[in-house]
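Heads up: the structure comes next, in structure tokens.
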Amino acid sequence: MNAVYDPHAIEAQAQNYWDESESFRATESGEGEKYYCLAMFPYPSGRLHMGHVRCYTLGDVINRYRRLKGHNVMQPMGWDAFGLPAENAAIKNGIPPASWTKDNIAYMRNQMKRLGFGIDWSREFATCDPEYYHWEQWLFVKLYEKGLVYRKNSIVNWDPVDQTVLANEQVVDGRGWRSDAIVERREMAQWFLKITDFAEELLEELDNLPGWPESVKSMQRNWIGQSQGVEIDFQVVGDETTALTVFTTRPDTLLGATYVAVAPEHPLAQAAASENQEIATFIDECKQATTAEADLATMEKTGLPTNASVLHPLTGAELPVWVANFVLMEYGSGAVMSVPGHDQRDWEFARKYDIPVVQVIEPLGDEACDLAVAAFTEHGRCINSGEFDGLSFEEAFNGIADALAAKDAGRRVTNYRLRDWGVSRQRYWGCPIPMIHCDEEGCGVVPVPESDLPVILPTEVEFEGVRSPLTTMDSFLNCECPKCGKPARRETDTFDTFMESSWYYARFASHDANSPMVDDRVNYWAPVDHYVGGIEHAILHLLYARFYFKLMRDEGLVQGNEPFTNLLMLGMVLQDGKKMSKSAGDAGDPQKLLDRYGADTVRTAMMFAAPPDQSFEWSEAGLEGAMRFLKRLWGLVQEHTQTQAPDLDLETLTEPARELRRKTHTALQRADDDYGRRIQFNTVVSGVMELCNAVSKFPVESEQDQAVVVEALKMAVVLISPIAPHIAHDLWQTLGGSGALVDARWPELDESALEQTSLTLAVQVNGKVRGQIEIAAEASKEDILAAAKAEDNVVRHMEGKTIRKEIVVPNKLVNIVVG
RNA sequence: GCCCGGGUGGUGAAAUUGGUAGACACAAGGGACUUAAAAUCCCUCGGAGGCAACUCCGUGCCGGUUCGAGUCCGGCCCCGGGCACCA
């Protein structure tokens, strides 16, 4: 027995025990229902930060709790190893991305081990391993053959000085972050995955995910953005063969359309530019803009009229065609109809350029409607719309849709905001896109044959400037066309790193599979039962991962429809108001905290700081308190295990001993609910603290008192063990627990210990607390009210008034309404 | 701009289904022990008034529903996340 709590010795011992016993090696033949617990794998940026500590501790707490509950748990770990920072480090320090990444992984793996996470390290991999990305390339070729992959032009941020494509993050105030040159929009051929083919399924399946937070489902629904509307053709004047097609959710306002606007890249705009210098200049200016939607949404809306015009499909009126900076070629057809009377953006544009504003909808009730002040955007009743006058929104929607259909000038469509997934990146440190470009006629773009996969990314590279070394590396570039055998060139673009993070959860289940991608073990482990990660991934990563799972399903690789059953979205850990992954340097490095306090204290402080879904500013203030608590628990256990306690004899317990047992089992009940249902661990810590406080205050006067205290301490140790597993491992042995705690089972609740003979109720008069009464637990409503009305302060507040109402809330309070 | 969150003492927070606001901690102040310090233990700790009993006010702001609102509804303010090439 040790009088002093020595976290470093205890933690090393516990970790050795787990290693040697292979406690966390997960097998498909393990006992109990499988439980796949996964925290989002990290980008190996260098060192862990406190955001990582929080995320992986939370995952580990769930893992260890489920294990206590008898599940066959798997908790793997790997590395999201491709990405921009490795290239930046290479450009800055001349270190090749592969070795930089490898060193970071080694360092971070050690930190994770030091934190005592119950990870099955035998399943570890990094996404930059060819054995991993091999199968990503394989699936991409399969999808290409199925027609789910295509190539089209798309706009990127182009740095004219560095001659390179920039990520949105690398564009600061419209300039390249390195060159400071004004960034241009440039079109480039890119590979796309047809995620829009799955828009409907991705939307509908959200209803089958009760284990996901509503907020995340809502964000995904809005992102997918299903809308019912009508596609309308506007015949171009002077060109019988061409029509501008626009989509609208408000066909009821069609008679109020006063102009049509097209994107700067639209052929009509381009044609106008060739005849008009002013338009050409305007279009050039539009090119100097970011591709980020947030900027597009807030920038000033500008435009110019062209000479072109179109015919209104119902009235035949000529409407002018404008070029406008807010219309995007990427969305739909690159053209919109504008109804300034009933759309606020169109209204502002029309007012600015003196375009007529026509009212065609009037309010149904008394909503404000003054088109001189603002557009009227609510649904209403049609006016100034000829045969459609007087119709409601639904009637007009249908009437106008039918009228257009009859003229073959429109059709009802379901539209999605979701766009296809552009997966090409003009970067070196990523998975090579397995495609070959051949100049021979009839060849063109040819996928790399399955037998030639993987296309391995060369890791011995030198960066000259900022461009991808692949673009100038002959040994990589030159190849044979798989179709005609003549010299051809490899694709030098690599995949978006979201490609790797979209299926790693499945690979963990069969990390060494040589059959395509995954083998049958995946169907034991998948879906992930609990997926833990930052709220910043609520849309893109989770949507792509869901999409990928469906692609794999359709390929016959996995069963089921969704990859993640339960989702825990973490708030962010902030440092000086910024999120950890964005703050510079080692500000958030937990290493010195681990050295000073040990893993259990760091874990406990982190769990105690805030509930999982809440963002908070990290502060070291809580560490001393967490350390103090663990020391106290340590001391209490040492103090009460000096002599052997007898078995509990419930019949002979004193009233205070029964009270302590009640607290012990209340703590169990609440911890079970917090761990299992509420996923709120800060209150588990405070619950165990309360139990320890109760033990401290409890005077041991008999052997049975000691037995009750030992039961309480054993409870405290088991309940805190998912959070502080090392000290719990040690104290469990001191307390005479059987076997290792890591293999123990969750304690059984003794319902009889929870029973109370008397209750304290609050008494309110007119909703304000005026006193308390102590009353037998089985007292009737009449008894309770009588006691309440006898309470001194209550009597005073009721004096001279008439009782209007009496409310008794069982086990809580009484409210007497007087007047 | 749009979508999704959040706002409670000096600080982190608790209050689970509309039922006693501030549990549990941190910091601070006071005390015990000590030659001293550390550690540990005890007490106080939302604001105002009062010797006290107790009273009034108080969960970002304004309004509403209710016997009762931190919790529900309407309107605002501020902060955070995401917006498709950061991961």
Side-chain angles (χ1 to χ4, degrees), chain A residues 40 42-43 45 80 82-85 156-157 165-171 190 213-216 218-223 225 291-299 330 345 418-427 496-498 501 534-541 543-544 569 571-572 574 577 579 581-582 605 608-611 613-617 619 621-626 628-629 631-632 635 670 673-674 677-678 680 682-683 685-690 693 696 760-772 792-793 796 804-807 809 811-818:
Chain A
M40 291 178 184
Y43 178 78
S45 52
D80 190 14
F82 280 135
L84 266 187
V156 294
N157 301 309
V165 174
L166 297 178
N168 284 337
E169 190 188 51
Q170 298 171 309
V171 180
Q190 316 255 333
E214 273 311 319
S215 58
V216 173
S218 179
M219 279 189 255
Q220 295 221 346
R221 277 189 197 104
N222 290 328
W223 185 262
T291 56
E293 197 195 322
D295 298 324
L296 295 171
T298 47
M299 72 185 179
E330 316 250 284
R345 186 187 62 190
L418 182 69
R419 312 203 297 263
D420 276 336
W421 178 11
V423 296
S424 298
R425 296 292 180 272
Q426 296 70 40
R427 305 214 213 301
D496 176 5
T497 57
F498 275 127
S501 55
I535 183 69
E536 67 272 25
H537 295 295
I539 297 178
L540 288 179
H541 163 61
L543 191 68
Y544 291 143
M569 291 273 90
M572 240 147 322
L574 308 172
K579 63 175 167 175
S581 55
K582 296 286 179 195
F608 189 48
D613 57 358
Q614 191 168 312
S615 294
F616 71 101
E617 183 87 12
S619 137
L623 285 160
E624 288 295 338
R628 203 172 295 160
F629 160 62
K631 273 186 190 164
R632 199 138 85 132
R670 291 186 52 188
D673 196 38
D674 285 348
R677 182 183 64 88
R678 299 178 70 207
Q680 179 171 286
N682 52 332
T683 45
V685 179
S686 53
V688 176
M689 283 174 172
E690 281 178 74
N693 291 345
S696 294
T760 306
L761 302 186
V763 184
Q764 299 182 331
V765 179
N766 287 346
K768 292 197 174 188
V769 180
R770 297 301 182 187
Q772 307 238 318
D792 284 355
N793 201 38
R796 198 165 337 131
R804 307 268 183 223
K805 204 168 181 177
E806 291 168 336
I807 293 142
V809 182
N811 304 328
K812 299 254 172 169
L813 59 72
V814 177
N815 187 14
I816 299 164
V817 184
V818 297

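Sequence lines set the chain letters: A, B, ... in the order given, protein chains first and strands last, and positions in each chain run from 1.
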It should be established whether [X] places a side-chain nitrogen or oxygen under 4.0 Å from OP1 or OP2 of nucleotide [N].
X	N	value
A:Arg678	B:A15	yes
A:Arg628	B:C26	yes
A:Arg770	B:U55	yes
A:Asn693	B:A25	yes
A:Arg419	B:A84	no
A:Lys805	B:C67	yes
A:Asn793	B:U55	yes

At under 4.0 Å between heavy atoms, what does [X] touch on the DNA or RNA strands: base, sugar-phosphate, or nothing?
X	answer
A:Ile816	nothing
A:His537	base
A:Gln220	nothing
A:Ala538	nothing
A:Arg804	nothing
A:Thr760	base
A:Val171	nothing
A:Arg670	base

Just wondering, do [Y] and [X] contact through their side chains at under 4.5 Å, heavy atoms?
X	Y	answer
A:Asp674	A:Thr683	yes
A:Asp496	A:Trp421	yes
A:Gln170	A:Leu84	yes

Nearest of [options] to any side-chain atom of [X]?
X	options	value
A:Gln764	B:A84, B:U20, B:A87	B:U20
A:Asn682	B:G12, B:C67, B:A14	B:A14
A:Lys768	B:A87, B:C57, B:C67	B:C57
A:Ile535	B:C85, B:G81, B:A14	B:G81
A:Pro85	B:A87, B:G81, B:A15	B:A87
A:Ala167	B:C86, B:G82, B:U20	B:C86
A:Glu293	B:C83, B:C24, B:U20	B:C83
A:Gln614	B:A13, B:A87, B:C3	B:A13
A:Glu536	B:G81, B:C86, B:A21	B:G81
A:Arg632	B:A25, B:A87, B:G1	B:A25

In whole angstrom, what separates [X]'s [atom1] from [N]'s [atom2]?
X	N	atom1	atom2	result
A:Lys631	B:C41	NZ	P	10 Å
A:Phe616	B:A14	CZ	P	11 Å
A:Ile807	B:C67	CD1	C1'	4 Å
A:Glu169	B:A84	CD	P	12 Å
A:Phe498	B:C86	CZ	P	8 Å

- Query: So among A:Leu166, A:Leu296, A:Asn157, which one has a side chain to side chain contact (heavy atoms under 4.5 Å, CB included) with A:Thr291?
  - Reply: A:Asn157

- Looking at A:Asp792, A:Val763, A:Asn793, which hits side chain to side chain contact (heavy atoms under 4.5 Å, CB included) with A:Arg770? A:Asn793

For [N], does the base pair up with any side-chain atom of [X] as donor and acceptor (N or O, under 3.5 Å, distance only)?
X	N	answer
A:Asn815	B:C67	yes
A:Gln680	B:U16	no
A:Gln426	B:C85	yes

Rounded to whole angstrom, note down the [atom1] distance from [N] over to [M].
N	M	atom1	result
B:A38	B:G5	P	48 Å
B:C77	B:A25	C1'	31 Å
B:G18	B:A23	P	23 Å
B:G6	B:A13	C1'	14 Å
B:G74	B:A52	P	45 Å
B:G63	B:U71	P	15 Å
B:U11	B:C61	P	15 Å

- Note on the structure: If pairing means Watson-Crick or G-U wobble with both distances under 3.5 Å, then the partner of B:C83 is B:G1

- Item | Sidechain-backbone polar pair: A:Gln220 side chain, A:Ala538 backbone, donor-acceptor under 3.5 Å | yes

